[in-house]
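Keep in mind that this is a model prediction, so the values were computed, not measured. In what follows, chains carry the letters A, B, and so on, assigned in the order in which the sequence lines appear, proteins first and then strands, with residues in each chain numbered from 1.
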Amino acid sequence: MWQILALPESQLCLSAVLKCGQSFRWTSIGSAPNQEYRFCLRDRVVCLKQDATTLFYRTILPLSQPSALPQQQIAEAETLVWLRDYFQLDVDLQKLYAEWAIRDKVFSSGIQTRFAGIRMLRQDPFENLISFICSSNNNIGRITKMVQALCRHYSAPLLSMPDPADPLIEVQYHPFPSPSVLAAPDVETTLRDLGFGYRAKFIQRTAKMLVDTHGSADLAEKFLAGLRNASTEDAREELLKFMGVGRKVADCVLLMSLDKKEVVPVDTHVHQIAIKHYGLKGSLNAKSNMTPKLYEEINTKLVTVWGDYAGWAHSVLFTSDLKAFSTHGVEAAETTLPTPPPTPSPLKRKGGVSDQTSTADLPPSPLAGRTKRRRTTEAAR
DNA sequence: CGGACACCGCGT
DNA sequence: CGCGGTGTCC
């Protein structure tokens, strides 16, 4: 039943951090052995699980007949191809980490070992675009709920299965809705009622603009995916045309969906990291507005430090700074390093400047120990 | 062009 | 009050 997901480096199974795009959820595959993580991938639900040494996957097809073994094998083969694409397994991550460690002391002193195996996912452009439109003035926990509400409300469930943690609960797996569905005029009102606030209009307008411009949802999605072949500057220019998409959101989509590996999205959080570790001017206390000029300044600096995969490096630093991962890999680092740093995280911020990454911002991780599980019976992919 | 300011709702 | 910002106005 379970298939082996062959990995280019063993560390991935132990400490990969997966940001499941549409659910906008950070989770660590390695943090809770043998727990399942599931998400919709195109026409199916994919389950991931890992033991001490290996990452496994399996495929659940909708309406799948009990037998049909050949069909299942074909599906597993397809899933493997898609997972390799989704995890971008052809990118040699160890080589990248080695380069970052040479270029950057922050990497070589702790981060490199504690946060090994973190790779950028190649996420669907449309769902990622909408997810990040939701992210303005917002925190991860609420963004996750909003995107799940979007899926639950605007797409039919692919299938339903018992919750791995509690088999008495059936979980419905909804794919991300199509642009044409979200383009309907009444979507704005509905999303407002669902608590999306001013972002309701952005989502509806963006979806409508996509469908109107390209004629159909299918062509719209093909257009977005086609931006993978455009230059970073051209692709960014296209993204900035959408309502609710500024520089930060555009850069997130460029990096996480459009293969622009060098792009470093700058938010207040990254700003703090840049000040603390990379000599950017600014105060850790005063919240200065992010001007285009300052954005470029930070961006340029970080690209200079990290090189042409700067966006990937940024993801590692970002994860290491999340409170939910503040103790991640600390013990491993202590046993490996002769002189371990006394602080749990070298990047840990001080003071109450922007404490947006408290654990309360994060939804319960499906692979982390479940202490308090929400009663929701549906899961957006 | 850069600098204010509002924007929704939720958590602290 | 502030949040992993953006549109709009001046």
Side-chain angles (χ1 to χ4, degrees), chain A residues 17 19-26 120 123 128-150 187-206 209 236-237 239-257 263-276 282-299 302 311 314-325 347 349 351-364 372 374:
Chain A
V17 173
K19 178 180 163 294
C20 190
Q22 61 289 14
S23 71
F24 216 96
R25 172 167 47 196
W26 291 84
M120 192 60 56
Q123 298 176 77
N128 205 219
L129 177 64
I130 300 300
S131 294
F132 275 102
I133 285 177
C134 294
S135 77
S136 73
N137 255 314
N138 214 342
N139 57 68
I140 293 175
R142 186 154 84 102
I143 297 163
T144 302
K145 285 178 193 157
M146 287 164 65
V147 176
Q148 285 177 346
L150 207 55
V187 165
E188 178 179 347
T189 319
T190 308
L191 290 184
R192 273 199 178 263
D193 292 340
L194 287 172
F196 280 62
Y198 60 89
R199 305 163 195 92
K201 184 164 100 176
F202 295 165
I203 292 169
Q204 189 272 330
R205 289 279 296 274
T206 294
M209 181 175 155
R236 181 183 289 126
E237 196 179 326
L239 292 174
L240 289 174
K241 291 177 183 171
F242 297 114
M243 167 109 359
V245 177
R247 177 69 193 263
K248 196 279 183 171
V249 169
D251 280 1
C252 285
V253 176
L254 288 173
L255 173 65
M256 302 175 190
S257 294
V263 171
V264 179
V266 178
D267 51 33
T268 54
H269 198 160
V270 171
H271 186 196
Q272 296 300 317
I273 292 178
I275 292 172
K276 195 158 166 54
S283 166
L284 287 172
N285 310 334
K287 53 155 180 43
S288 56
N289 283 345
M290 182 54 61
T291 63
K293 188 181 172 186
L294 180 57
Y295 192 109
E296 286 299 341
E297 209 174 318
I298 295 170
N299 200 60
L302 295 180
H314 138 277
S315 185
V316 177
L317 261 283
F318 194 95
T319 303
S320 74
D321 205 39
L322 289 174
K323 268 232 178 93
F325 295 104
L347 289 173
R349 281 193 314 280
V353 177
S354 60
D355 201 3
Q356 68 258 23
T357 53
S358 67
T359 46
D361 286 330
L362 297 167
K372 47 168 187 179
R374 288 161 43 72

| message | What verdict does the side chain to side chain contact (heavy atoms under 4.5 Å, CB included) test give for A:Leu191 and A:Gln204, after you've listed the backbone C-alpha separation in whole Å, the side-chain angles of each residue and the deciding distance to 0.1 Å? | response | CA-CA 9 Å; A:Leu191 290 184; A:Gln204 189 272 330; 5.7 Å; no
Pairwise [atom1] distance for [N] and [M], with rounding to whole Å:
{"N": "C:dC1", "M": "B:dC5", "atom1": "C1'", "result": "16 Å"}
{"N": "C:dG2", "M": "B:dA4", "atom1": "P", "result": "15 Å"}
{"N": "B:dC8", "M": "C:dC9", "atom1": "P", "result": "14 Å"}
{"N": "B:dG11", "M": "C:dT6", "atom1": "P", "result": "23 Å"}

| request: Please figure out whether A:Gly244 or A:Pro265 has its closest DNA chain C nucleotide nearer the 5' end. | output: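 On the 5' side of the pair lies A:Pro265.
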What is the distance, rounded to the nearest whole Å, between atom [atom1] of [X] and atom [atom2] of [N]?
{"X": "A:Met209", "N": "C:dG7", "atom1": "CE", "atom2": "P", "value": "11 Å"}
{"X": "A:Leu129", "N": "C:dT6", "atom1": "CG", "atom2": "P", "value": "11 Å"}
{"X": "A:Asn138", "N": "B:dT12", "atom1": "CG", "atom2": "C1'", "value": "15 Å"}
{"X": "A:Ile143", "N": "C:dT6", "atom1": "CD1", "atom2": "P", "value": "12 Å"}
{"X": "A:Asn137", "N": "B:dC10", "atom1": "CG", "atom2": "P", "value": "14 Å"}
{"X": "A:Met290", "N": "B:dG2", "atom1": "CE", "atom2": "P", "value": "14 Å"}
{"X": "A:Asp267", "N": "C:dG5", "atom1": "CG", "atom2": "C1'", "value": "10 Å"}
{"X": "A:His269", "N": "C:dG5", "atom1": "NE2", "atom2": "C1'", "value": "16 Å"}

| By ring pair (Phe, Tyr, Trp, His ring centres under 6.0 Å), which residues pair with A:Phe196, not counting sequence neighbours? |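 So A:Phe196 forms no ring pair (Phe, Tyr, Trp, His ring centres under 6.0 Å) with any residue.
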Which is true for [X] with a 4.0 Å heavy-atom rule: it touches a base, it touches only sugar-phosphate, or it touches nothing?
{"X": "A:Val245", "answer": "sugar-phosphate"}
{"X": "A:Met243", "answer": "sugar-phosphate"}
{"X": "A:Phe242", "answer": "sugar-phosphate"}

| said: Please list all pairs meeting salt bridge (charged side-chain N to carboxylate O under 4.0 Å, His left out) that have one or both residues in residues 193-204 of chain A, counting only residues at least two apart or in different chains. | reply: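 Sorted pair list comes back empty.
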| field | Close approaches to DNA chain B from residues 190-204 of chain A, in residue order (heavy atom, under 4.0 Å) | value |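 Hits under 4.0 Å, by residue number: A:Arg192, A:Gly195, A:Gly197, A:Tyr198, A:Arg199.
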| query | How long is the gap from CG on A:Leu129 to SG on A:Cys134, to the nearest 0.5 Å? | reply |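 The SG atom of A:Cys134 is 10.0 Å from CG of A:Leu129, to the nearest 0.5 Å.
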| query | Just how far is it from atom CG of A:Leu239 to atom SG of A:Cys252, taken to the nearest 0.5 Å? | reply |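 Between atom CG of A:Leu239 and atom SG of A:Cys252 there are 11.0 Å.
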| query | Does the A:His314 side chain pair with the main chain of A:Gly311, one donor and one acceptor, at a distance under 3.5 Å? | reply |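 Indeed, once roles are kept as given, a pair shorter than 3.5 Å links the two residues.
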| field | Contacts of type salt bridge (charged side-chain N to carboxylate O under 4.0 Å, His left out), residue A:Arg236, not counting sequence neighbours | value |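 Expected list: A:Asp251.
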| request: Could you tell me whether the side chain of A:Leu317 reaches within less than 4.5 Å of the side chain of A:Leu302, counting heavy atoms only? | output: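 No, too far: nothing below the 4.5 Å cut-off.
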| Range-with-range stems of DNA chain B (Watson-Crick or G-U pairs under 3.5 Å, three or more in a row) |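 As far as DNA chain B goes, consecutive pairing (with distances under 3.5 Å) yields the stems B:2-7 with C:5-10, B:9-11 with C:1-3.
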| Worked check of side chain to side chain contact (heavy atoms under 4.5 Å, CB included) between A:Glu296 and A:Arg247 | CA-CA 10 Å; A:Glu296 286 299 341; A:Arg247 177 69 193 263; 2.5 Å; yes
| For C:dG5, does OP1 or OP2 lie under 4.0 Å from any side-chain N or O of A:Ser135? |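 No, outside the criterion.
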| query | So does A:Lys248 get a side-chain nitrogen or oxygen closer than 4.0 Å to the phosphate oxygens (OP1/OP2) of C:dC3? | reply |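 No, A:Lys248 has no side-chain N/O under 4.0 Å of OP1/OP2 on C:dC3.
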| task | For A:Ala274, check side-chain contact (heavy atoms from CB on, under 4.5 Å) against everything at least two apart and list the hits. | result |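 Result, side-chain contact (heavy atoms from CB on, under 4.5 Å) vs A:Ala274: A:Leu280, A:Ile298.
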